[in-house]
Amino acid sequence: MVGGALLLTACGGSGSAESKTAAVDAAAAKDASTAKIAISPKDKATNVGINNDAKVAVSDGTLTKVSMAEVNGGKTVPGKISADGKSWKPDGQLARATAYKITAAAKDADNRPATANSTFTTVSQANSFIAYYTPDDSSTVGVGMPVSINFDKAITDKKDVQSHIKVSSSSGQQVVGHWFGDQRLDFRPQDYWKAGSTVTLKLDLDNVRGAKGISGVQNKTVTFKVGHSQVSTVDVNTQTMTVVRDGKTIKSIPVSTGSPEHTTYNGQMVISEKFETTRMDGKTVGFGGEYDIPDVPHAMRLSNSGTFIHGNYWSDKSIFGSSATSHGCIGLDDVRGGGDPGTDASWFYNHSQVGDLVVVKNSHDSTIAPDNGLNGWNMPWSNWKAGSAL
């Protein structure tokens, strides 16, 4: 009987370990902060977006400190607590395929502290896609410049992706997208942009599915200005280029286009790049060793396949305006180095902007393909709209 009594006292007496623990827990709960911290993404999350997914919020309290850093290496990520102390977010975009840790501290109205932590990994390059676009933000371009977007992965969910890309103009022109394959999406209106208008591109691709296992990681707004309207028409029959600025002819320039063996494309071609000097090597465009000129002056690209309008210092001046002698480019009289501002090539270069149009007519060649450069204007509007996923 004595042993039984002792056993009963040891297991259920008022001084048991369980009752003491319960008392401590109750006291701790009574003194706990009412501030509730919520960190997004949750701890151990993977494939997290790199733009707007990382954030901290608090209810029934205010944030006092938030830190974020890469797990490997400890590189800190700057961020700001909102003026009301209720939220925090990083200042910029995160890196892909990187592990991060967020530590947050807050206090309630009675200054009782609360803390929370989350460690997560952002989406990998293999599981995400990025859109590379032209023209650049805040640039000024000609009326022929389309918005051209190239994706670093093949897109199969084209409708979903295109629905998260918006292009609009202050002119009110309807703007429609057209897919060239699975990785390029261009936007343009039916006619050239209105001179002086402003065009806005909005990419809202963060977490948008592009294909199986691939999602977007971009959220960006880009604006550019449309400058003057300049369309320069090259007549192969007369070897002459007529430059029209804002509806008025401002100059007629003698040129030399492609020879009968190497004709120049017909069609509307957009100046996509400008180079004060550049190397032109025939081997890079299928001409073998026929030419390799290291310092071609005043060169402006018209196609991806190697069509340029450029200065020519190596030919006799008599060819300009009379003879078609090039390998498909449009040549203008120039000097070596391009230093003479009085040459036709120098004048045209200095009076042209990316996005201006060069139109070739009466050549014994085909019309340039719409996706060879930024030359979608050569596609009928009905066909252009048919290439939209929306």
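Keep in mind that what you see is a predicted model, and the values were worked out from it rather than measured.
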If you take all heavy atoms of [X] and [Y], which pair is closest and at what distance?
X      : Y      : answer
Ala345 : Gly311 : CB-CA, 3.6 Å
Gly213 : Asn127 : O-ND2, 3.1 Å
Trp377 : Pro189 : CZ3-O, 3.4 Å
Ala35  : Val58  : CB-CG2, 4.2 Å
Leu205 : Phe129 : CD1-CE1, 4.0 Å
Ala114 : Ile37  : O-CD1, 3.6 Å

Would a single hydrophobic cluster contain both [Y] and [X], if residues Ile, Leu, Val, Met, Phe, Trp and Tyr are joined by side-chain heavy-atom contacts under 4.5 Å?
X      : Y      : value
Phe308 : Phe320 : no
Ile149 : Val141 : yes
Val217 : Val161 : no
Trp384 : Leu374 : no
Met379 : Val270 : no

Going by atom types only, do [X] and [Y] share a side-chain donor-acceptor pair under 3.5 Å?
X      : Y      : answer
Thr325 : Ser259 : no
Ser305 : Ser303 : yes
Asp53  : Asn207 : yes
Arg96  : Ser124 : no
Asp206 : Asn219 : no
Ser388 : Gln162 : yes
Asp365 : Asn266 : no

Can you tell me if [X] uses its side chain to pair, donor with acceptor, with the backbone of [Y] under 3.5 Å?
X      : Y      : value
Thr64  : Ala105 : yes
Asp110 : Arg112 : no
Thr122 : Thr98  : yes
Ser118 : Pro41  : yes
Ser363 : Thr264 : yes
Ser139 : Pro135 : no

Do the non-hydrogen side-chain atoms of [X] and [Y] ever get within less than 4.5 Å of each other?
X      : Y      : value
Ser256 : Gln239 : yes
His351 : His228 : no
Val56  : Ile102 : yes
His178 : Leu185 : no
Val66  : Thr103 : no
Asn117 : Lys101 : yes
Val208 : Asp160 : yes
Asp295 : Arg336 : yes

Neighbour count above 12 (heavy atom, 6.0 Å) for [X] [atom1]:
X      : atom1 : value
Lys251 : NZ    : yes
Lys107 : NZ    : no
Lys158 : NZ    : yes
Glu276 : CD    : no

Could you walk me through whether Asp334 and Asn312 pass side-chain hydrogen bond (donor to acceptor under 3.5 Å, both in side chains), step by step? CA-CA 5 Å; Asp334 211 342; Asn312 177 337; over 6 Å; no
What's the verdict on salt bridge (charged side-chain N to carboxylate O under 4.0 Å, His left out) for Asp182 and Lys153, showing C-alpha distance, side-chain angles and the deciding distance? CA-CA 8 Å; Asp182 294 332; Lys153 303 281 195 315; over 6 Å; no
Check the pair Lys36 / Asp60 against salt bridge (charged side-chain N to carboxylate O under 4.0 Å, His left out), numbers first and verdict last. CA-CA 7 Å; Lys36 305 297 181 186; Asp60 295 326; over 6 Å; no
Decide yes or no on side chain to side chain contact (heavy atoms under 4.5 Å, CB included) for Ile130 and Gln125, but give the supporting numbers first. CA-CA 9 Å; Ile130 283 180; Gln125 186 167 351; over 6 Å; no
Within this structure, what is the [atom1]-[atom2] distance for the pair [X] and [Y], rounded to the nearest 0.5 Å?
X      : Y      : atom1 : atom2 : answer
Ser215 : Asp157 : OG    : CG    : 11.0 Å
Leu357 : Ser229 : CG    : OG    : 8.0 Å
Asn111 : Ser33  : CG    : OG    : 9.5 Å
Phe180 : Asn372 : CZ    : CG    : 10.5 Å
Met68  : Asp91  : CE    : CG    : 11.0 Å
His298 : Thr278 : NE2   : OG1   : 13.0 Å

For Asp356 and Val143: C-alpha separation, side-chain torsions, deciding distance, then whether side chain to side chain contact (heavy atoms under 4.5 Å, CB included) applies. CA-CA 6 Å; Asp356 285 352; Val143 296; 6.0 Å; no
Taking only Lys NZ, Arg NE, NH1 and NH2, and the carboxylate oxygens of Asp or Glu, determine whether Asp84 and Lys86 approach each other closer than 4.0 Å. no
Linking Ile, Leu, Val, Met, Phe, Trp and Tyr through side-chain heavy atoms less than 4.5 Å apart, which residues share a cluster with Tyr349? Val234, Val236, Met241, Val243, Ile250, Ile253, Val255, Tyr265, Met269, Ile271, Met300, Leu302, Ile309, Ile330, Leu332, Trp347, Phe348, Val358, Val360, Ile368
Those residues that, when tested against Tyr132, pass ring pair (Phe, Tyr, Trp, His ring centres under 6.0 Å) (two or more places apart):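 Listed in chain order: nothing, the list is empty.
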Within 45° of the six-membered ring axis of Trp179 and under 6.0 Å from that ring's centre, is NZ or CZ of Arg184 located there? no
What residues form a side chain to side chain contact (heavy atoms under 4.5 Å, CB included) with Thr233, not counting sequence neighbours? Val231, Val359, Lys361
Applying side chain to side chain contact (heavy atoms under 4.5 Å, CB included), run through Gln173 and Trp193 and close with a yes or a no. CA-CA 8 Å; Gln173 292 171 278; Trp193 302 108; 4.0 Å; yes
For His164 and Lys202, what are the C-alpha separation, side-chain angles and deciding distance, and is it a side chain to side chain contact (heavy atoms under 4.5 Å, CB included)? CA-CA 8 Å; His164 286 83; Lys202 291 185 177 181; over 6 Å; no
